[in-house]
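Here's the structure, in structure tokens; my notes come after.
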Amino acid sequence: MALKILALGGDGIGPEVLNAGLKLLAAVASSAAIKYELCEDLLHGAAWDKHGTFLHPDTLAKARESDALLVGATGGPAWDRIEVAGGPAEQDGLMKLRHELQTFACVRSSQAWEPLLDYTPFNPDVVRGANVIVMRELCGGAMFSDTRGIETGSDGKRRGFDLNEYAESEIARFARVGFTIARQRKKRVVSVDKSNVFVADKLWREVVTEVSTDFPDIELTHMFADNCAFQLCRQPASFDVILADNLFGDILSDQVGSIAGSLGMLPSASLPGIDANGVSNGTAIYEPVHGSAPDIAGHGVANPIGMILSVAMMFEYSLGRTDISKKISAAVEAALKEGFATRDIGGKATTSAMTDAIIRHYQSP
């Protein structure tokens, strides 16, 4: 059976890095005799400009029929102030896509690359060997709550509010994915919350603890979010898998970009659950963590590595081919050691040159 892939370039540098990912995909599939069917479409700003909606119904239908989605990047100033009827997800094509597909478990990976150690803010001896996954719950919490708004009181003063709300079932399904992934790594989980302040986070801590009893081989530690952020600066190599809600996960997954040297290095996989072997239960979304960077769009200098490593995650989580995923990662490391680097990581390589170097190392014996 051919892997059905929907490619959505999005906005800004999105189409550029997506093209790099598709170029690698073609090379890998050819060498590994993997069949795939590729369909391309529009998302968010690009979709709005053509259809007047951030996610066209036909695109969503294609997504539901796909095994995996590759997304470049979305958003930009041209569409930031557009408001449409409906809840939070209706304002953002990617958010709506995540919600409709229920890709609630976002895996965001960051590692210290030996050739880039001097480009991080860390002492090399502190960051060397760091390899962290931030698990971000992606379909709940304050990001998706309909209880939000700005009201003007009788005194004429405004009041803004967003409800951070989680159901027990949402926390439990997310925690199970996190523990399953940790079981395939160093078997250490740090669950992040502010249960000393927020009631919803008290439930978060309780449910994660309850789920952990089904994973007795996993070491679970609870940390307050602020302390976790501090410890990530102090001893990044001590972390393995971090479980966090939608808000804290958004923040911490950007913070770990400093471990790799740039957000442009970070991939992600958004999953609707996984089986015991770590393979996605359904349609998954793969995308770099970085934004659309409209200031460099069209200049051919965007870092394609986050997208390329997202393709590697697709092979791992949608096909169960960890061998291919590791080989792509090794090719990235080899290209960096050879001296190839885009400008966000201190080099002068173009998007195309960086991509070609990685493919060449992947294909070398």
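Worth saying up front: this structure is predicted, and the values here are computed from it rather than measured.
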Are any side-chain N or O atoms of [X] and backbone N or O atoms of [Y], one a donor and one an acceptor, separated by less than 3.5 Å?
X	Y	answer
S30	A26	no
R148	A142	yes
S310	E287	yes
S212	T209	yes
S145	G141	no
T53	H56	no

Tell me, do [X] and [Y] make a side-chain contact under 4.5 Å, heavy atoms counted?
X	Y	value
T355	N19	no
S268	P288	no
F198	L203	no
V189	F215	no
M143	P88	no
K35	L3	no
F248	L243	no
T152	K157	no

What class does the angle between the rings of Y166 and W204 fall in, given that below 30° is parallel, 30 to 60° is tilted and above 60° is perpendicular?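 It falls in the perpendicular class, over 60°.
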
Separation between [atom1] of [X] and [atom2] of [Y], rounded to the nearest 0.5 Å:
X	Y	atom1	atom2	result
S31	Q363	OG	CD	6.5 Å
I181	Q184	CD1	CD	7.0 Å
M307	T351	CE	OG1	13.0 Å
I274	E316	CD1	CD	9.5 Å
S238	L232	OG	CG	7.5 Å
T213	L220	OG1	CG	10.5 Å

How close do [X] and [Y] get, heavy atom to heavy atom, and via which atoms?
X	Y	result
L271	A284	CD2-CB, 3.7 Å
I358	A335	CG1-CB, 3.8 Å
N303	H290	O-NE2, 4.2 Å
F144	H99	CE2-CB, 3.6 Å
L55	G93	CD2-O, 4.1 Å
A302	V17	CB-CG1, 4.0 Å

Grouping I, L, V, M, F, W and Y whenever their side-chain heavy atoms are under 4.5 Å apart, do [X] and [Y] come out in a common cluster?
X	Y	answer
L319	L101	no
I5	L43	no
L94	V289	no
L42	L22	no
F174	I285	no

Apply the salt bridge (charged side-chain N to carboxylate O under 4.0 Å, His left out) test between R136 and each candidate in D250, D245, D254; give the one that qualifies.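 Exactly one pass, corresponding to D250.
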
Answer yes or no on whether R173 is positioned over the face of F104, meaning its NZ or CZ is under 6.0 Å from the six-membered ring centre and within 45° of the axis. yes

Going through the checks in order, is the salt bridge (Lys or Arg N to Asp or Glu O under 4.0 Å) test met by D240 and K187? CA-CA 8 Å; D240 184 20; K187 300 185 178 182; over 6 Å; no

Please tell me whether [X] and [Y] have a donor and an acceptor in their side chains that are separated by less than 3.5 angstrom.
X	Y	result
R98	S270	no
E338	H361	yes
S318	Y286	yes

Would you please name every residue forming a ring pair (Phe, Tyr, Trp, His ring centres under 6.0 Å) with H222, sequence neighbours left out?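 If we apply the ring pair (Phe, Tyr, Trp, His ring centres under 6.0 Å) test to H222, skipping adjacent residues, there are no hits.
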
Can we say [X] and [Y] salt-bridge, meaning some charged N sits less than 4.0 Å from an Asp/Glu carboxylate O?
X	Y	value
K202	D193	no
D125	R128	yes
K186	E219	no

Would you please test N164 and L247 for side-chain contact (heavy atoms from CB on, under 4.5 Å) and show each step? CA-CA 9 Å; N164 187 35; L247 178 58; 5.7 Å; no

Would you check, one step at a time, whether the test side-chain contact (heavy atoms from CB on, under 4.5 Å) holds for I34 with R321? CA-CA 11 Å; I34 293 173; R321 293 297 301 270; 4.2 Å; yes

Counting only heavy atoms not in R205, do more than 12 fall under 6.0 Å of its CZ? yes

Go through the steps to decide whether Q111 and W113 satisfy the test side-chain contact (heavy atoms from CB on, under 4.5 Å), and finish with yes or no. CA-CA 6 Å; Q111 71 179 77; W113 300 88; 3.5 Å; yes

Determine whether V107 and Y317 satisfy the following criterion, side-chain contact (heavy atoms from CB on, under 4.5 Å), listing intermediate values before the conclusion. CA-CA 10 Å; V107 185; Y317 290 109; 3.9 Å; yes

Result block: side-chain N/O donor-acceptor pairs under 3.5 angstrom for residues 67-81, not counting sequence neighbours:
residue : atom : partner : partner atom : Å
D67     : OD2  : K4      : N            : 2.8
W79     : NE1  : D49     : OD1          : 3.0

Checking T59 against D41 for the side chain to side chain donor-acceptor pair (under 3.5 Å) test, could you report, in this order, the C-alpha distance in whole Å, the side-chain angles of both residues, the deciding distance, and whether it holds? CA-CA 7 Å; T59 308; D41 210 328; 3.1 Å; yes

Please tabulate, for the side chains in residues 256-267, all donor-acceptor contacts under 3.5 angstrom to protein atoms that are two or more places apart in sequence or on a different chain.
residue : atom : partner : partner atom : Å
S258    : OG   : Q255    : O            : 2.7
S262    : OG   : G264    : N            : 2.9
S262    : OG   : D344    : OD2          : 2.5

